[in-house]
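All remarks here apply to the structure that follows.
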Amino acid sequence: MRQSSLVVVANRLPIDDSVAPDGACEWRRSPGGLVSALHPLLRHSPATWVGWAGGTGPAPTLPDVDGVHMRTVPLDHDDLRDHYEGFANATLWPLYHDSVEQPQHHRRWWEAYQRVNQRFAEATAEVAEPGAVVWVQDYHLHLVPGMLRAIRPDLRIGFFLHVPFPPPELFMQLPRRAELLRGMLGADLVGFQRAQAAHNFAQLVAKVLELPATDRRIGIDGRVVRIGAFPVSIDTAEMAALAARPDVAARARRLRQDLGSPEHVILSVDRMDYTKGIEQRLKAYSELLVSGHVKVRDTVLVQVAVPSRERVGQYQILRERVEREVGRINGEFGRVGEPAIHYLTQPFGRAELAALYRVADVMAVTPLRDGMNLVAKEYVAARVDDAGALLLSEFAGAAAELPQAYLVNPHDLEGLKQGLLESLHAAPADVRARMRAMRAHLHEHDIRAWARSYLRALDETGALVERLTSGGDPATPAVPGQPDRSGTPTGRPTEP
Ligand code: ADP
Ligand code: F6P
């Protein structure tokens with residue numbers, strides 16, 4: 001069994017389910033924040049990624065990808081239904097996103113969650129070198145740090161939550177709240193997107209487990225667990241380079257022509273998820289068409305909504321409702337060859353996404369709640385021309401770092417309409433000044449800065465940080481530390 005000094009553990013592997021007949025496979029760049037965040041880091045690194053390859057049945061053996069070893073963890077039909085679609089995506093996901101949909105609780109789901117987390121912990125224990133650093137990702141795997149520590153106390157274990165961590169009054173609803181908290185505390189370092197989330201966690205640990213806890217450190221079993229905020233980011237330089245390519249700029253010009261050369265293009269790019277505020281956005285747009293503030297002749301909306309978690313009831317209902325509404329709006333306001341909304345459900349390559357970002361005069365990113373939202377950051381990185389207005393929800397983690405965006409409360413329909421109009425008609429000089437400031441922020445606070453700050457806190461020897469984040473990128477900054485709105489530094493841990 002091959003072992004590595006760095007092991008990333010995430011629900012999904014970052015590669016496509018479909019392996020070519022010759023056995024070759026490629027990085028998947030699936031439409032999801034976690035893979036987008038970690039992909040640029042691990043490329044060409046001698047690490048192992050432990051995860052699920054999608055589908056059910058025996059785990060396929062996959063070839064290494066760009067030097068990264070893939071260790072697959074199988075899920076059978078019951079695991080898929082009860083762990084992934086059930087506990088992870090119908091209990092925790094809605095609960096962690098302000099309960100915008102009702103979280104469901106079933107004892108069978110909890111059993112599956114424990115079983116699958118144990119399987120991930122055992123697979124990780126097999127592939128980790130003595131003393132290795134293990135980095136566990138996200139809400140599917142809350143129990144892995146504790147389970148792994150029980151098998152392999154020699155490991156240095158980090159846990160990072162990509163989604164919001166809710167306030168105590170919501171988390172307390174969970175029948176298995178104590179077990180989940182204890183699972184995370186198996187880590188040496190528990191990282192969140194926002195300082196508020198670390199605060200929520202500390203409060204819950206003190207209340208539920210009656211352990212000594214501050215927003216920086218928690219004592220358990222004679223160990224200290226450090227906690228902190230590490231806002232995740234993107235490969236800013238890569239997206240900027242892509243967007244600056246002549247073929248991408250040409251593609252953007254062509255896209256504008258294909259859209260009928262309108263005065264304004266509004267773009268939204270989401271996974272089809274009820275947290276993304278797609279229905280609220282469509283309603284706002286539709287009302288602006290009704291009132292005549294927006295005219296199909298001048299303005300088009302491009303809504304990209306790639307289907308996600310398609311067997312989960314709440315997602316099926318959402319898709320039906322969104323598609324019905326898009327159909328209604330196009331039926332009512334579109335003309336032959338001039339739809340009001342261009343609706344696309346396909347996954348796109350990075351170059352096509354970059355071209356879409358470059359064609360968008362307004363990028364509407366209006367989730368009801370989002371851990372970070374990398375699409376907002378990608379848009380900013382892609383606007384190498386300093387043009388383009390970002391309309392951003394106050395409830396996206398990105399809003400704390402990008403206060404120069406046109407900020408809106410997506411629950412406030414009138415406010416959303418106002419925000420759309422303001423960003424559509426903003427003075428070019430204002431748009432440029434805002435975009436320039438946001439680009440400067442992301443130039444420093446990129447994915448390498450995120451990894452550097454997290455791994456430096458986890459692996460105090462610094463060796464791992466050097467290996468993963470050095471080389472090739474002149475934009476690689478020192479550890480950042482600008483204050484967010486709560487006054488807490490972002491981009492580095494709240495130091496214990
Ligand atoms: P989430 O993690 O909830 O999916 P994020 O906005 O943080 O949301 O991350 C979404 C990621 O998926 C981004 O990197 C984005 O570029 C990518 N993505 C979204 N839609 C598509 C699509 N249609 N095709 C390809 N990539 C997509
Ligand atoms: O960040 C939330 C998240 O669950 C990520 O872990 C993942 O990349 C993305 O949403 C897509 O979700 P799924 O893996 O369920 O398709």
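We're numbering straight along the sequence, starting at 1. Only this structure's heavy atoms are used, side chains among them; waters, hydrogens and symmetry mates stay out. Ligands are counted one by one from 1 in listed order, and the atoms in each one are counted from 1 as well.
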The answer for which part of Arg271 has a heavy atom under 4.0 Å from ligand 2 is side chain

Measure the shortest side-chain to side-chain distance between [X] and [Y] over non-hydrogen atoms and say whether it is less than 4.5 angstrom.
{"X": "His443", "Y": "Arg439", "answer": "no"}
{"X": "Val232", "Y": "Ile447", "answer": "yes"}
{"X": "Ile157", "Y": "Pro145", "answer": "yes"}
{"X": "Ile227", "Y": "Leu189", "answer": "no"}

Any luck finding a side-chain donor-acceptor pair between Gln314 and Asn89 under 3.5 Å?
no

Are any of the N or O atoms of Val269 closer than 3.5 Å to those of ligand 1?
no

Please check whether Phe348 reaches ligand 1 - meaning an N/O of the residue sits under 3.5 Å from an N/O of the ligand, judged on distance alone.
yes

Under 4.0 Å from ligand 1, counting heavy atoms only, is it the side chain of Thr275, its backbone, both or neither?
neither

Arg448/Asp235 ion pair, N-O < 4.0 Å
yes

Arg251/Asp247 ion pair, N-O < 4.0 Å
no

Between His106 and Phe87, does a ring pair (Phe, Tyr, Trp, His ring centres under 6.0 Å) hold up when you go through it step by step?
CA-CA 8 Å; His106 297 291; Phe87 198 82; over 10 Å; no

Within the 4.0 Å heavy-atom shell around Val304, which atoms of ligand 1 are there?
23 (N)

Show which atoms of ligand 1 fall inside a sub-4.0 Å distance from at least one heavy-atom site of Val375.
6 (O), 15 (C)

Counting only nitrogen or oxygen atoms and a 3.5 angstrom limit, does [X] reach ligand 2?
{"X": "Asp138", "value": "yes"}
{"X": "Asn11", "value": "no"}
{"X": "His140", "value": "no"}
{"X": "His162", "value": "no"}
{"X": "Tyr139", "value": "yes"}

Using non-hydrogen atoms of the residue, decide whether [X] is closer than 4.0 angstrom to ligand 1.
{"X": "Arg350", "value": "yes"}
{"X": "Met372", "value": "no"}
{"X": "His162", "value": "no"}

Of all the atoms in ligand 2, which lie at a distance below 4.0 Å from a heavy atom belonging to [X]?
{"X": "Arg12", "value": "13 (P), 14 (O), 16 (O)"}
{"X": "Arg309", "value": "3 (C), 4 (O), 9 (C), 10 (O), 11 (C), 12 (O), 13 (P), 15 (O)"}
{"X": "Tyr84", "value": "13 (P), 15 (O), 16 (O)"}

Only heavy atoms count here, so choose which of Glu378, Arg271, Lys276, Gln346 is nearest to atom 8 (O) of ligand 1.
Lys276

Given ring pair (Phe, Tyr, Trp, His ring centres under 6.0 Å), test Trp93 with Tyr84 step by step and report yes or no.
CA-CA 10 Å; Trp93 180 268; Tyr84 171 72; over 10 Å; no

Students often mix this up, so state it plainly: with edges at 30° and 60°, are the rings of Phe165 and Phe192 parallel, tilted or perpendicular?
tilted

Between Phe201 and Leu181, is the side chain to side chain contact (heavy atoms under 4.5 Å, CB included) condition met? List the steps.
CA-CA 8 Å; Phe201 182 68; Leu181 294 172; 3.6 Å; yes

